[in-house]
Amino acid sequence: MGTYLKHIHVLESCWKIVKDNITFVRIHGSTVQEIAHDVDLTNKTCLITGANSGIGLEMTKCLNCNGCNVLMACRNSYAASSVMKYLVEKNGLLRFYEINLASLKSVKNCSVEILENEKKIDIVLLNAGVFGLPWTLTEDGLETTFQVNYLSQIYLLMNIEKLLTSDARVVFVTSESHRNVNWTVHNSLAPTEDLISLPKNQYTSVKAYNISKLCGILAMHYLGYRWLNTGKAVFCAHPGSFVRTRLCRNWWTYEALYMLMKPFSKSVSQAASTPIYCATSPELKGLSALYYKDCERCEESDLAKDLHLSFRMHDLTQDMLRERVKSIDDSFNMQRKSANFARELKEVDNNVISNYTG
Ligand SMILES: NC(=O)c1ccc[n+]([C@@H]2O[C@H](COP(=O)([O-])OP(=O)(O)OC[C@H]3O[C@@H](n4cnc5c(N)ncnc54)[C@H](OP(=O)(O)O)[C@@H]3O)[C@@H](O)[C@H]2O)c1
């Protein structure tokens, strides 16, 4: 009996230590509800990619509760409509746009739908992402993680830029893992397609993910420069590490790792707080091109801060899109069979690319 009680006591002590630590980690981050509780988003419109799952879903719920119109850009119409059914019953401010970020053609179709149906966009949350994929090429001939996490979302932003209000905010949901990219000086002086859209023999899923997140931060710096003195702002937000969402679904080892880390990582609601803080907080008025973590300003890696690299990366992004977008538009125009529509589309593309080049 004595030994039994001793064991119980030891177990109780262990549980207390674990509990205290969990409490410590949990109080380390505010939840999205705490961050946004007094933010009024009535008459605001937010476009969010990957709105049907994980951190994106949590942000969608929060925006919806705060009176924001949410444009849910998702590839999974079933999942998106389930979310909408649940939330619309409460509020009725959600609209779904179908997008597959692994296809530039789908991004273009989605952009055109948005341009046709929406009058303005106040907030853009570039949130969708993949991690842990085996090496695959998209229909555009690019490594999938790179295209989904970066290129397609930049292309989407370029296409809908004219809907952005004068004080719009764009937030890239990025990751601390961008710090693990180690490019040589030669690489960063002359980045090439192979450096960011990895060929099979250089591919690891972690490397591809880190690069895609670095590209997002570099794009933030380019846009920050481009939108200087315009009132538009752009931020990057790290939501937290090992947040248990469906991000790790592609490999059981990651699933296991994320499960193990669960007691020490943020909840999904805590993870959504930093991007929502960047998108809505009045404290950030007048600021732009900054990286945030735990709802606080944080220095990104030296590589990510390199403004010259951000310009070079922008040029490379334009080249990669230019090479692919033209043929995509041809097939898209044929589907629509409308001369006017074709002209409009061409104009959108020319404006978009020349604006960004200018
Ligand atoms: N979880 C973490 O620990 C963590 C840490 C740092 C950064 N992040 C970043 O946080 C963001 C959200 O991730 P999460 O953790 O919430 O993961 P998640 O639950 O897997 O959500 C990812 C979202 O992206 C969408 N998506 C994936 N591929 C797509 C495609 N080809 N076209 C359109 N949408 C696509 C998914 O749609 P489907 O449902 O159709 O697949 C889903 O809605 C990502 O950018 C991620 O890199 C997460």
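Residue numbers count from 1 along this sequence. Atoms within each ligand, like the ligands themselves, are counted from 1 in listed order.
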Distance-minimising heavy-atom pair for S288 and V234: OG-N, 3.1 Å
So, for Q147 and D140, which heavy atoms are closest and what is the spacing to 0.1 Å? NE2-OD2, 2.7 Å
Centroid-centroid distance, H178 to Y291, less than 6.0 Å: yes
Is it the case that N180 and S177 place a side-chain donor and acceptor less than 3.5 Å from each other? no
Given T317, which of Y155, Y150, Y222 fulfils the side chain to side chain donor-acceptor pair (under 3.5 Å) condition? Y150
side-chain contact (heavy atoms from CB on, under 4.5 Å) evaluation trace for V171 with V124: CA-CA 6 Å; V171 180; V124 180; over 6 Å; no
Protein neighbours of ligand 1 with a heavy atom under 4.0 Å, given by chain and number, are G50, N52, S53, G54, I55, R75, N76, I99, N100, L101, A102, N127, A128, G129, V130, V148, V173, T174, S175, Y209, K213, P239, G240, S241, F242, V243, T245, R246, L247, R249, Y258
